[in-house]
Amino acid sequence: MKKLSVLLTLMMMVSILFAQEKKEVVLVGDIKCSFENSDQISKNVHDVIVQSFVEKKLQEVIDINTLPAIGQEIYRQTGEGAMNEENLLRLKEAGVKGADWVVTGTLSNFDATASKDEKGKLLGYDGVVNFVFKVTSLRDGTVKGTKSVAGKTFICVDTKDAAIMKSIQNTKKKVLKEIVAIFPPTGFIVEIPTVKKKEARTIVLEIGAAKGVTKGDVFKVCEKINYRGKVRIKEIGKVRVTEVQGDDFCVCKVTKGGDIILKDFNEEKEIYAEQLPRMKLGDIAGDLL
């Protein structure tokens, strides 16, 4: 009987671990462009988007170009709409993982212009690139977010191709920022270690370095309210990360709403923290005071 109890406990622990580790799946699809000789440029933009999603570690990432032919065909056939039951079955039969989200995009402009000194001597080339990427749910076809991205070389380089490639590489920080805007990392409050005057002063969140959290990041604390079968999200406070404790946790200073955060936490209401886009120090000065 004791062995059976231990076995059941272990099975429960394993199932909980799997549930915690399960991530949504993002498929990065094609970046389209109608210009001549743009295939390689489109692929380079596609690769930067793939690299950015992989780096953020928010979802499991699939590159459409790495799938077998049947998988590529099904996803391209679905496009930006919802995946129907027939195609879901075809994916399963082909052993291809199903995705929750698809990323598509359009390359709208790329160019490289000569940079010369005052005597007309060629110094190099300055590159620019503009593209849009969109995230769509494959479950119901709704658009999660659409973002415009622009890049340039900043310093001229030797050839036109190199200038355009450098401008694409320089969009990565912008793409990373926009991914967070579309999929803001979230974490639950696991502990309130410091309370003063009936207000939470510090909290511990179940989110850390594995989701890209760093010291100084700002989160809004939200309460999820269910009303007549509908969900309403209410912001109740803000916190700032003061210490990242490994991959899965961080300590935060409460900057707003400490009394409500403490009250809702003690009443076991459904509250969570959602990361806000990183801004310049001057833009968030009010939150840090």
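Atoms considered below: every heavy atom in the structure, side chains included; atoms not considered: hydrogens, waters and symmetry mates.
For F131 against L107, the heavy-atom pair with the smallest separation is CB-CA, 4.0 Å. Nearest heavy-atom pair, P184 versus Q275, reported as atom, atom and distance to 0.1 Å: CB-O, 3.4 Å. When every heavy atom of L27 is checked against every heavy atom of A99, the shortest pair comes out as CB-CB, 3.8 Å. Counting all heavy atoms, side chain and backbone alike, H46 lies closest to G29 at ND1-O, 2.8 Å. Summarising the geometry of D217 relative to G212, their closest heavy-atom pair is OD2-O, 4.0 Å, with the distance given to 0.1 Å. The minimum heavy-atom distance between S148 and V132, with the atom names listed, is OG-CG2, 3.7 Å.
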* **F110 and S167: CA distance, side-chain angles, deciding distance, side-chain contact (heavy atoms from CB on, under 4.5 Å) verdict** => CA-CA 9 Å; F110 63 91; S167 68; over 6 Å; no
* To do: Step by step, work out the side chain to side chain donor-acceptor pair (under 3.5 Å) result for S137 and D140.
  => CA-CA 6 Å; S137 170; D140 57 19; 3.2 Å; yes
* Begin from the C-alpha positions of K57 and K211 and carry the test side-chain contact (heavy atoms from CB on, under 4.5 Å) through to its verdict. => CA-CA 6 Å; K57 301 178 182 178; K211 293 289 183 70; 5.5 Å; no
* Residues V102, M83; criterion side-chain contact (heavy atoms from CB on, under 4.5 Å); working and verdict -> CA-CA 10 Å; V102 62; M83 180 75 71; over 6 Å; no
* Asked: Step by step, would you call E243 with K215 a salt bridge (charged side-chain N to carboxylate O under 4.0 Å, His left out)?
  -> CA-CA 6 Å; E243 180 186 357; K215 183 178 179 180; over 6 Å; no
* Would R232 and E223 count as a salt bridge (charged side-chain N to carboxylate O under 4.0 Å, His left out) if you check the C-alpha gap in whole Å, the side-chain angles of each, and the deciding distance to 0.1 Å? -> CA-CA 8 Å; R232 186 167 74 93; E223 179 186 350; over 6 Å; no
* Apply the test salt bridge (charged side-chain N to carboxylate O under 4.0 Å, His left out) to residues E24 and R139: give CA-CA distance (whole Å), side-chain angles for both, the deciding distance (0.1 Å), then the verdict. => CA-CA 12 Å; E24 289 188 316; R139 294 186 290 266; 3.5 Å; yes
* Asked: Would D47 and K43 satisfy salt bridge (charged side-chain N to carboxylate O under 4.0 Å, His left out), going step by step from the backbone distance to the final call?
  -> CA-CA 6 Å; D47 290 346; K43 184 182 183 304; 2.9 Å; yes
* Asked: After noting the C-alpha distance and the side-chain angles of Y272 and C222, does the key distance pass the side-chain contact (heavy atoms from CB on, under 4.5 Å) rule?
  -> CA-CA 5 Å; Y272 64 92; C222 300; 3.8 Å; yes
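Hydrophobic clustering (side-chain heavy atoms under 4.5 Å, transitive across Ile, Leu, Val, Met, Phe, Trp, Tyr) keeps M165 apart from V157. No chain of hydrophobic side-chain contacts below 4.5 Å, direct or via other Ile, Leu, Val, Met, Phe, Trp or Tyr residues, connects L176 to V48. Residues L138 and V25 fall within the same hydrophobic cluster, defined by Ile, Leu, Val, Met, Phe, Trp and Tyr side chains chained together at heavy-atom separations under 4.5 Å. When the side chains of ILVMFWY residues are joined at heavy-atom separations under 4.5 Å, either directly or via intervening members, V143 and I179 end up in two distinct hydrophobic clusters. When the side chains of ILVMFWY residues are joined at heavy-atom separations under 4.5 Å, either directly or via intervening members, L58 and V175 end up in a single hydrophobic cluster.
Side-chain atoms of N44 and Q40 include a donor-acceptor pair closer than 3.5 Å. Side-chain contact annotation: T186 with E274, donor-acceptor N/O pair under 3.5 Å absent.
Here Q245 contributes atom CD and E206 contributes atom CD; the two are 12.5 Å apart, rounded to the nearest 0.5 Å. To the nearest 0.5 Å, atom OG1 of residue T113 and atom CG of residue D126 are 5.0 Å apart. From I41, atom CD1 reaches atom CG of N109 across 11.0 Å, with rounding to the nearest 0.5 Å. A distance of 5.0 Å separates CG in D259 from CD in E199, rounded to the nearest 0.5 Å. Interatomic distance, NZ of K97 versus CG of L67, reported as 11.5 Å (0.5 Å rounding). Annotation: the span from E86 atom CD to I74 atom CD1 amounts to 9.0 Å, rounded to 0.5 Å.
Considering only heavy atoms from C-beta on, F183 comes within 4.5 Å of F53 through its side chain. Taking 4.5 Å as the limit, some side-chain heavy atom of N170 sits within range of a side-chain heavy atom of F154. At a threshold of 4.5 Å between non-hydrogen side-chain atoms, the residues P68 and V96 count as touching. Annotation: side chain of F133 is in contact with side chain of V149 (closest heavy-atom distance under 4.5 Å). The shortest side-chain heavy-atom distance between R90 and E73 falls under the 4.5 Å cut-off. Annotation: side chain of V61 is in contact with side chain of V28 (closest heavy-atom distance under 4.5 Å). The closest side-chain heavy-atom distance from K144 to T136 is not below 4.5 Å. Side-chain contact between K116 and L123: absent, with no pair of heavy atoms (C-beta onward) separated by less than 4.5 Å.
Atom CD of E85 sits in a sparse spot, with 12 or fewer heavy atoms from other residues, nucleotides or ligands closer than 6.0 Å. Taking a 6.0 Å sphere around CG of N84, one finds it holds more than 12 heavy atoms contributed by other residues, nucleotides or ligands. In this structure, K147 places its NZ atom where more than 12 heavy-atom neighbours from other residues, nucleotides or ligands lie under 6.0 Å away. L89 CG: more than 12 foreign heavy atoms inside a 6.0 Å radius. By the 6.0 Å contact criterion, NZ on K56 is enclosed, its count of non-hydrogen atoms from other residues, nucleotides or ligands being greater than 12. The number of heavy atoms from other shown groups lying within 6.0 Å of CG (N37) does not exceed 12. Counting heavy-atom neighbours within 6.0 Å of K152 NZ, excluding the residue itself, gives a total of 12 or less.
The residue from K230, K234, K269 that alone fulfils the side chain to side chain contact (heavy atoms under 4.5 Å, CB included) condition with I225 is K234.
Between the T104 side chain and the D30 main chain, no donor and acceptor come within less than 3.5 Å of each other. In terms of modelled atom types and a separation under 3.5 Å, the side chain of S42 and the main chain of K32 share no donor-acceptor contact. Remark: the backbone N or O of K238 is paired with a side-chain donor or acceptor of T255 at under 3.5 angstrom. Listed for the T242 side chain is a donor-acceptor partner under 3.5 Å among the backbone atoms of V251. Between the side chain of T78 and the backbone N or O of G81, no donor-acceptor pair lies under 3.5 Å.
I189 forms part of a hydrophobic cluster together with I192, V195, I203, L205, I207, V213, F219, V221, I236, V239, V241, V244, V254, I260, I261, L262, F265, I271, judged by ILVMFWY side-chain heavy-atom separations under 4.5 Å.
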